[in-house]
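Shown next, in structure tokens, is the structure this report addresses.
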Amino acid sequence: MKQLLYCVLALIFTPALFASEMPLNMTEGVTAISEQVYSLHMIILYICCAIGLVVFGVMIYAMINHRKSKGAVAANFHESTKVEILWTVVPFIILIIMAIPATKTLIAMEDPSNADLTIKITGSQWKWHYSYFDQDVEFYSLMSTPRAQIEGTETKGEHYLLEVDKPLVLPINRKVRFLMTSEDVIHSWWVPAFAVKKDANPGFINEAWTRIDKPGVYRGQCAELCGKDHGFMPIVVEAVSEEDFDKWLIAQQQQASNAAAEAEAALSKTLGMDELMAQGEQIYLARCAACHQPNGAGLPGVFPSLIGSPVIKGAVSGHIDIVLHGKPGTAMQAFAKQLTATEIAAVVTYERNAWGNNSGDTVQAADVSSANSVPAASEDTPAVPVTLPATLPDTELAASTANETVKDVKAAVLDDLSMDELMAMGEKVYMIKCVACHQAAGTGLPGAFPSLIASPIITGPVTDHLDIVINGKPGTAMQAFSSQLTPQELAAVVTYERNAWGNNSGDAVQASDVDGHGK
């Protein structure tokens, strides 16, 4: 009996350091918050174990020493005031003792203020989209586990279902704020090492934050039952030093510039059927097979078959449109921002000719670009160069040249434009810079991003509207665009917002108004 008691005591009061090594116990993580959560978990665990020890100890003692065979007679008493007070006050005190550290930890977890970096995380079936505020860097992160492993024809890898094509890269020792939302159903962004688990709800924004202490690769996954293939939505975060992160940002910006140039050059290329089919099959298996299945048969009642479907047999323009813009009210996403024109052309060609469809149609990047075109400024509108230099200037001559280029750009965009020219340019800028938060129809996301339809900013003075676009709004997700857009672009997007969606203010803001703002 004594040996059993000693074993129970040793198990309950094992030091926290040893408990952290137990494979079934919570891990300490790599952030200060995750360590607080772990400490709170251990405190509550020990309190519960102590309560259990006392309660079950008294029960066992009573059953052994006050059993009927020993002639014990039950006491006869009723409504003891002392007992009533005791079993009310003692649990209350225990709860207060537990509530104090729990409250401190919860308050710390919900304080994303004074962040060094803000990242918008958008979930969709079954991928994550990451957008780095004020950095012009955004990308989709998809599971990269080979389908052969999923289907069981290959041995499963070490990180089966927990590997992606492009991880989220974060700096250590910087406070990172996350804004989480969803494009379709409820998802949940969960990385155990950070003690971050927050739902991503469509139409709403949830906040979380982290500050990583140690470089490394940390894995998580969607922790919400978001539909079929819910387990195919992993999260991989690569934490790097601050210097490496800054270099990574520059490389991503350069890569985006090069990709834009390559996409532009691809519009003039004509690919053969074999090349389109080979590339289209790769894209289809990576992006479309989860819903429509590798054989194109879909899932009856859930995802339509692509074999001889009306979309496949119909006009090519309709097929391109649904791939580009998705289909509202269904799980069909818009791939305009996820794939290049060449990739969309290839996957449309593949779908129209695979699985016995054999339409013979070959779609080119130029066909996709024309279908996805947005109103552009007229020929009289001054052109605004946005191409990044091939390499960062590292000499005085390069720096001088870059400065002169900036001066030329500013000088070139201070001419007055007509309302039509401003609206055309403004719509283009809005669809690139503002639509993710305020939505294409200007309706915003209730509770997260305000509507721009007849809002106080829109109906108020133009100077206030300019100020919030140029300088942002501290304490909110509204960024400062002074360093991201030229005066002409700022004037155009403000004009567009004040006259689109029925606002019709009649205000035409010019680049000179922006250039003189605040002077």
Side-chain angles (χ1 to χ4, degrees), residues 118-143 164-169 179-185 187 200 202-203 205 233 252-264 266-267 279-280 282-284 286-288 290-291 319-328 330-348 363 365-376 386 427-445 449 477 479 481 484-485 489 493:
T118 298
I119 297 176
K120 181 184 175 187
I121 301 174
T122 306
S124 60
Q125 295 172 312
W126 288 268
K127 61 182 74 70
W128 297 101
H129 179 259
Y130 300 113
S131 177
Y132 293 69
F133 277 21
D134 295 326
Q135 303 297 337
D136 287 333
V137 173
E138 59 178 308
F139 55 87
Y140 285 86
S141 179
L142 290 83
M143 184 186 71
V164 298
D165 58 350
K166 195 164 186 178
L168 175 66
V169 178
L179 299 177
M180 301 176 186
T181 187
S182 169
E183 289 184 347
D184 37 47
V185 299
H187 301 281
I205 294 290
M233 199 169 171
Q252 292 301 302
Q253 292 163 351
Q254 182 64 54
Q255 183 178 338
S257 177
N258 294 340
E262 292 174 3
E264 185 68 25
L267 298 180
Q279 184 175 356
Q282 292 179 353
I283 297 166
Y284 179 87
R287 300 298 185 107
C288 315
C291 295
H319 193 167
I320 293 175
D321 182 74
I322 198 171
V323 175
L324 279 172
H325 306 119
K327 187 175 181 181
T330 72
M332 181 60 195
Q333 305 172 38
F335 285 90
K337 289 186 177 181
Q338 303 184 42
L339 301 174
T340 65
T342 300
E343 290 172 328
I344 291 176
V347 77
V348 170
V363 183
D367 303 324
V368 177
S369 180
S370 61
N372 194 36
S373 61
V374 295
V386 294
E427 182 178 16
K428 186 175 182 180
V429 175
Y430 181 88
M431 289 299 178
I432 295 173
K433 295 289 186 176
C434 315
V435 71
C437 296
H438 294 292
Q439 307 301 293
T443 53
L445 291 170
F449 301 116
Q479 312 171 48
F481 285 93
Q484 301 184 42
L485 301 174
E489 291 172 323
V493 76

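Quick note: numbers below take in every heavy atom, side chains included, and nothing from hydrogens, waters or symmetry partners. Not measured: the values here are computed from a predicted model. Heads up: numbering here begins at 1 and tracks the sequence.
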Is there a donor in the side chain of K327 and an acceptor in the side chain of Q333, or the other way round, less than 3.5 Å apart?
no
Is there a donor in the side chain of N258 and an acceptor in the side chain of Q254, or the other way round, less than 3.5 Å apart?
yes
The reported gap from OG1 in T340 to CD in E264 (rounded to nearest 0.5 angstrom) is 12.5 Å
message = A side-chain contact here means heavy atoms from C-beta on lying under 4.5 Å apart; do M233 and W128 qualify?
response = yes
CD (Q484) and CZ (F133) are apart, to the nearest 0.5 Å, by 10.0 Å
query = Are the side chain of Q479 and the backbone N or O of D134 linked by a donor-acceptor pair below 3.5 Å?
reply = yes
Side-chain touch Y132/V169, heavy atoms, less than 4.5 angstrom:
yes
For E183 and Q125, which I'm curious about, is there any donor-acceptor pair between the side chains at under 3.5 Å? no
Looking only at heavy atoms, the pair that brings I320 and A371 closest together is CG2-CB, 3.8 Å
Handout entry: Heavy-atom side-chain proximity of L179 to I119 below 4.5 angstrom
Key = no
Is the closest side-chain donor-acceptor distance between D136 and Q253 under 3.5 Å? no
If we only count heavy atoms from C-beta on, is the Q279 to T342 side-chain gap below 4.5 Å?
-> yes
Residues H187 and G123: closest non-hydrogen pair is CD2-C, 3.6 Å
Rounded to the nearest 0.5 angstrom, the SG-CE distance for C288 and M332 is 7.0 Å
- Query: Are any non-hydrogen side-chain atoms of R287 and F335 less than 4.5 angstrom apart?
  - Reply: yes
So CG of L485 and SG of C434: to nearest 0.5 Å the spacing works out to 7.5 Å
task = Decide yes or no for M143 and K127: does some side-chain heavy atom of the first lie under 4.5 Å from some side-chain heavy atom of the second?
result = no
In this structure, CD1 of I432 is separated from NZ of K337 (nearest 0.5 Å) by 8.5 Å
* Asked: Quick check: does any side chain N or O of D165 sit under 3.5 Å from a backbone N or O of L142, one acting as donor and the other as acceptor?
  -> yes
In terms of heavy-atom contacts, K166 and Y140 come closest through CB-O, 4.1 Å
Note to self: Run the side chain to side chain contact (heavy atoms under 4.5 Å, CB included) test on I121 and H129 for me, step by step, so that the C-alpha distance in whole Å, both residues' side-chain angles and the decisive distance to 0.1 Å come before the verdict.
What the structure shows: CA-CA 6 Å; I121 301 174; H129 179 259; over 6 Å; no
Under a 4.5 Å cut-off applied to non-hydrogen side-chain atoms, are V429 and E427 in contact? no
Heavy-atom nearest pair, A200 first then T181, reads CB-O, 3.2 Å
Exercise for the section: Check whether any side-chain heavy atom of W126 sits under 4.5 Å from a side-chain heavy atom of C291, and report yes or no. Expected result: yes
On a heavy-atom basis, the closest approach of S369 and L267 is CB-CD2, 3.5 Å
So NZ of K433 and NE2 of H438: to nearest 0.5 Å the spacing works out to 14.0 Å
Tightest non-hydrogen contact, residues K120 and T122, listed as CE-OG1, 3.6 Å
